[in-house]
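Below is one structure, written out as C-alpha cells; the observations come after it.
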Amino acid sequence: MSDALTGPTAPRRRSDREQGLILVGAMAALMWVVEVVDQVAGGKLDQYGIEPHDPEGLVGIATAPFLHANWDHLIGNTVPFLVLGATIALSGAARVVGTTVIVAVVGGLGVWLVAPSGTDHIGASGLVFGYAAYLIARGFFSRSALHLAVGVVVIGVYGTTLLFGLVPTDGISWQGHLFGAVGGVIAARVLDARGRNYGETAAAYV
C-alpha cells in the first residue's frame, strides 16, 4: 500500500461562536485604543458623545459606547462588557451584531430624546445594561430552560448593580442605563422571533 500524497492543509474555518467572541474582543480592544488616543489628545474625543436634543449629537449613538471619561470608567465597563458579550457570542456573531445594534440605537435615541440638554453622554454602560437585559429577557421569549437559567445567573451576579444604575445620580447617565436595558428587551423579542422563523432551536444556544 503506497502512501497518499496530500496538499497543504486548508485553514480551519472559524466557527460562528468563535467569530462572535472575536467580535466582542475586538469591540473591547477598540474602546481601549480610543481611550489611549483620547488621553493623548487631552480628552478632546469625549465631545463626540450623545448630546441630547442637538441634531449633531446624534452621531454619538455610534461613537459614545467607545468613549470613556477616564481609565476607571473604561475598566469598570470592560469586564462586564466582555463577560456578558461573550455569553451572547455563544449564539454566534450575528447575534452579537443584532443585539449591539438594537441596544445602541434604542438606548442612544432614548438618551437623545429624554436626557437634559447641554449634557454629554459617553461610555459602554448602555451596552452593558442592554446585554444584561437581553440575557435576562431572552428566556421569556424563547421558553428555553437554558436561557432562563442564564438569565437567573445574570440577575444573581449583576442584579444589584443594574438596579442601582437606574437611580438618578449626578454624573451618571442613568438614562443610558435605562434605555440600554429597554433596547436589550426589544432585542430579545426581535431576535428570538427571527430565530424561530428560521427554525433555530433556541435550546441549542447559550
Would you say [X]'s side chain and [Y]'s backbone share a donor-acceptor pair under 3.5 angstrom?
X: His177; Y: Gly165; value: yes
X: Asp38; Y: Leu45; value: yes
X: Thr169; Y: Ile172; value: no
X: Gln39; Y: Val36; value: no
X: Ser173; Y: Gly176; value: yes

Considering only heavy atoms from C-beta outward, does the side chain of [X] approach that of [Y] to under 4.5 Å?
X: Pro52; Y: Thr119; value: yes
X: Phe81; Y: Met31; value: yes
X: Leu162; Y: Phe129; value: yes
X: Thr87; Y: Val150; value: yes
X: His68; Y: Val34; value: no
X: Ile61; Y: Leu58; value: yes
X: Met27; Y: Phe66; value: yes

Exercise for the section: Measure the acute angle between the ring planes of Trp112 and His53, then classify it against the limits of 30° and 60° as parallel, tilted or perpendicular. Expected result: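 Rings of Trp112 and His53: perpendicular, as their planes differ by over 60°.
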
Problem - Working for side-chain contact (heavy atoms from CB on, under 4.5 Å), residues Tyr158 and Leu84 - result: CA-CA 10 Å; Tyr158 293 108; Leu84 297 171; 3.8 Å; yes

Between [X] and [Y], do the side chains contain an N or O donor and an N or O acceptor separated by less than 3.5 Å?
X: Arg138; Y: Ser91; result: yes
X: Tyr131; Y: Thr100; result: yes
X: Tyr134; Y: Arg189; result: no

Exercise for the section: Just grab all the ring pair (Phe, Tyr, Trp, His ring centres under 6.0 Å) pairs involving residues 31-51, residues at least two apart or on different chains. Expected result: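 Every ring pair (Phe, Tyr, Trp, His ring centres under 6.0 Å) pair that includes a residue of residues 31-51, provided the two are not neighbours, is Trp32-Trp71.
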
Practice task
Might you point out which heavy atoms bring Gly20 and Ala89 nearest each other, and give the distance in Å?
Solution key: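 Smallest interatomic distance, heavy atoms only, reads C-CB, 3.4 Å.
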
Practice task
Would you give the length of the straight line joining atom CD of Gln47 to atom OG1 of Thr63, rounded to the nearest 0.5 angstrom?
Solution key: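 So the gap between those two atoms works out to 10.0 Å.
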
Problem - Hydrophobic cluster identity match, Val101 and Val59, side-chain contacts under 4.5 Å - result: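 Different hydrophobic clusters.
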
Practice task
Please assess Asp16 against Gln19 for the test side-chain contact (heavy atoms from CB on, under 4.5 Å), listing each intermediate value before the final yes or no.
Solution key: CA-CA 5 Å; Asp16 197 28; Gln19 292 175 352; 3.7 Å; yes

